[in-house]
Each structure stands twice: as C-alpha cells, then as structure tokens.
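To keep things clear, I will list the structure first and then write my remarks on it.
Numbered from 1 within each chain, the chains take letters A, B, ... in sequence-line order.
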Protein chains: 2
Amino acid sequence: MPDTSRFSALLTAKGLRLTRQREAVVDAILQAKGSFTAQELHDMLRASRSGVGLTTVYRTLEILSEGGAVERVHGLNHCEAFVVAGKHHSHTIVCSNCGSASELVDCGCDELVAAAARQTGFRIEDHVIQLRGLCRACARKHREPVGV
Amino acid sequence: MPDTSRFSALLTAKGLRLTRQREAVVDAILQAKGSFTAQELHDMLRASRSGVGLTTVYRTLEILSEGGAVERVHGLNHCEAFVVAGKHHSHTIVCSNCGSASELVDCGCDELVAAAARQTGFRIEDHVIQLRGLCRACARKHREPVGV
DNA sequence: GTGCGTGCAAATTCTTTGCAATGCA
DNA sequence: TGCATTGCAAAGAATTTGCACGCAC
C-alpha cells in the first residue's frame with residue numbers, strides 16, 4: 001500500500017509520531033473516496049469504533065495539509081472539504097452530487113499563471129483551481145427527471 | 001458613478017428596495033479597494049458612523065453575491081474574503097500582503113475547463129480560479145530584506 | 001523516562017435566524 | 001399603508017485551545 005506509507009513517511013520526516021489515531025485517520029481518508037470533511041472522517045472513525053476524537057482529526061488534517069498530502073477544496077461559496085492531494089502538481093474536480101473527486105493532470109495552468117503574471121504584474125505565489133460539476137455517473141442520473 | 005448604479009440596478013432588477021443601509025454597504029465595498037470581509041465592511045461602516053448592523057452587511061453581501069456583483073475569494077487554506085466581481089467573466093488575483101485585487105481577463109480558463117471535461121468525463125458546472133501573490137508594489141518592498 | 005499526542009470540555013470565531021420596530025415604495 | 005428590511009440578541013456551526021493523562025520512541 002504505497003499511499004499509506006506515503007502518509008507515514010510524511011510524519012516521520014517531520015519528526016512526528018506515528019500513532020494509532022493518526023493511522024486511523026489516514027485509513028479513513030483513503031477509504032473516503034473523494035472529498036471529505038473533518039466531521040465526516042470523525043463519523044467514519046466512530047462507526048468503525050476507532051475512538052478518535054474530533055480534535056485529533058482536525059490536528060491530523062492540519063499536519064497532512066501542511067505536508068501537502070491532502071488539500072482543501074472550495075466551492076463557489078464555501079470552504080467545503082478536503083481531498084487527497086496528487087503525487088505531483090495537479091488540481092481537483094469534485095462531484096457536486098456524490099462528492100467523488102478526480103485529479104486533473106496537464107491542466108495547462110502554468111500558461112494561465114504566466115499570462116496572469118504578465119497581465120497584472122503580480123509575483124504569483126500560488127493558485128487554487130477548483131472545478132465542480134457532475135461526475136459521469138451522477139450526470140447520467142440527473143438526465144432523467146428525478147423530481148424536486 | 002457607473003459602479004454604484006450597477007449595484008442599485010441589481011437590486012431594483014430583483015424587486016428589492018434601495019435602502020440607506022444597502023447604499024452604505026455598497027459605498028464601503030467600493031472604497032475597500034481590493035478584498036474585504038463582512039467584518040471589515042462592518043468596521044468601515046462603524047468608523048463612518050453609518051450605523052449599519054453586521055447582520056445587514058452579511059445579508060447585503062449575500063444578495064450581491066447571488067447577483068454576481070461580488071464574489072468570494074479563497075486562499076489555499078481558508079475562505080478569505082469578497083471582491084467586487086468583474087463586469088464580464090473573469091477571475092481575481094489577490095495580493096497576499098496588502099489585499100489589493102486585480103481582475104484577470106482572457107485567462108484561458110475555457111480551454112482548461114474543456115480539457116478537464118474531456119479528461120474526467122465530468123459535466124462541469126462551475127470553476128473557481130483563484131490566484132494569490134504579491135502585487136507589484138508589495139513585491140518591490142519584499143525584495144529588500146525586511147526582517148521577520 | 002520524556003515529552004509528544006490525545007481527548008474532553010470550554011472558548012472562540014464566523015454566520016444565520018427570530019422577531020418586533022422601522023421606513024421605503 | 002403594506003410589506004420588505006433592519007438590528008438586536010440569541011442560536012448555531014465549525015474550529016481552536018487548555019490541561020491532565022497516556023503512550024510512542
């Protein structure tokens with residue numbers, strides 16, 4: 001399982017301890033295909049009787065987010081959730097119906113960033129590119145009139 | 001003042017009333033060059049003794065945001081603030097030092113969105129492209145060693 | 001054994017809501 | 001005048017912090 005070890009490597013590289021709780025959080029993250037909130041992870045952990053506190057979920061997400069292993073996703077109006085970050089530079093697309101996430105590679109964002117720098121004179125430090133829509137499966141369902 | 005009338009047109013088009021408080025909020029928004037939070041607007045309004053409640057600021061921002069006159073901006077880690085939206089489709093770049101905002105036109109995001117749709121099969125509904133960096137003035141200052 | 005990590009509960013921050021009074025159209 | 005709008009205060013949601021105990025190293 002390369003993903004799990006990727007997470008634990010992140011912890012040890014920072015001189016942090018690998019605890020039962022952190023492993024449980026990482027497991028939950030890997031099981032939550034797609035996006036997830038701290039609250040959702042906490043629910044999953046409670047369901048699997050792992051007894052990890054919400055505080056720990058928040059703190060672990062903070063660590064993983066600093067280390068670049070997960071990233072926050074944003075909707076048009078709200079901060080929404082986290083996703084597992086790609087291994088290389090990428091952006092995320094999240095299904096607004098089921099929450100599943102896909103990764104975007106070769107998105108052409110470098111050109112976009114360069115153009116923006118040229119246009120505005122800004123020294124650009126980072127960028128958030130966040131797409132939202134319906135995944136293939138949900139788009140199919142929505143084509144049929146579902147009511148309400 | 002085309003900007004002010006643009007805001008009031010938005011209200012009347014929705015059948016909403018043009019009140020002293022909403023005008024004050026719009027004034028504050030236009031004075032706040034760059035990005036601003038509801039709290040900051042409220043502070044500005046209190047400073048200019050306009051006596052507009054925080055609740056009203058939130059509600060007015062909600063209306064303007066729905067009407068597309070302002071939009072929310074996102075940092076890498078947090079929902080941050082609002083900015084005045086462009087008159088046409090555009091994206092925003094915000095200075096991480098002073099909060100000033102520039103608008104980006106011809107950003108090439110259509111191609112990006114199309115490529116993403118092709119790659120993932122998603123039916124893309126909307127996208128958030130948010131850039132952050134140092135504006136020209138702040139970049140200059142930061143070049144000199146400022147300490148801490 | 002040491003000190004990081006944990007979990008509870010309380011604190012904090014941000015935002016929304018209920019309701020009576022106000023004022024725009 | 002009628003009804004949208006306001007503002008207070010209180011509720012609510014999300015997240016952070018303080019502190020005593022437990023466990024990884």
Please confirm whether any donor atom in the side chain of B:Arg59 sits under 3.5 Å from an acceptor in the base of D:dG7, or the reverse.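 Side chain to base: pair found, below 3.5 Å.
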Protein-nucleotide distance ([X], atom [atom1]; [N], atom [atom2]), rounded to Å:
| X | N | atom1 | atom2 | result |
| --- | --- | --- | --- | --- |
| A:Asp43 | D:dA14 | CG | P | 11 Å |
| B:Ile63 | D:dA4 | CD1 | C1' | 10 Å |
| B:Arg20 | C:dC24 | CZ | P | 8 Å |
| A:Glu62 | C:dG5 | CD | C1' | 15 Å |
| B:Leu54 | D:dA11 | CG | P | 18 Å |
| B:Arg17 | C:dC24 | CZ | C1' | 5 Å |
| A:His42 | D:dT15 | NE2 | P | 13 Å |
| A:Phe36 | D:dA14 | CZ | P | 17 Å |

What verdict does the side-chain contact (heavy atoms from CB on, under 4.5 Å) test give for A:Leu11 and A:Thr19, after you've listed the backbone C-alpha separation in whole Å, the side-chain angles of each residue and the deciding distance to 0.1 Å? CA-CA 10 Å; A:Leu11 293 176; A:Thr19 63; over 6 Å; no
Is the side chain of A:Arg123 donor-acceptor paired with the backbone N or O of B:Cys138 at a distance under 3.5 Å, no angle test?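 No.
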Is there a donor-acceptor pair under 3.5 Å between the side chain of A:Thr55 and the backbone N or O of A:Gly53?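 Side chain of A:Thr55 to backbone of A:Gly53: no pair is present.
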Would you say [X] reaches [N]'s phosphate, i.e. side-chain N/O to OP1/OP2 under 4.0 Å?
| X | N | answer |
| --- | --- | --- |
| A:Tyr58 | D:dT16 | no |
| B:Gln21 | D:dG7 | yes |
| A:Thr19 | C:dT6 | yes |

Contact class for A:Thr55 (heavy atom, under 4.0 Å): base, sugar-phosphate, or nothing?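 Touches a base.
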Touch class at under 4.0 angstrom, heavy-atom based, for A:Arg22 against every strand present: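 Since only primed, P, OP1 and OP2 atoms lie under 4.0 Å of A:Arg22, the category is sugar-phosphate.
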Do A:Leu45 and A:Tyr58 belong together in a cluster built from hydrophobic side chains that touch within less than 4.5 Å?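 Unlinked, A:Leu45 and A:Tyr58 end up in two clusters.
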Side-chain heavy atoms under 4.5 angstrom apart, residues restricted to Ile, Leu, Val, Met, Phe, Trp, Tyr: same cluster for B:Val70 and B:Leu16?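 No.
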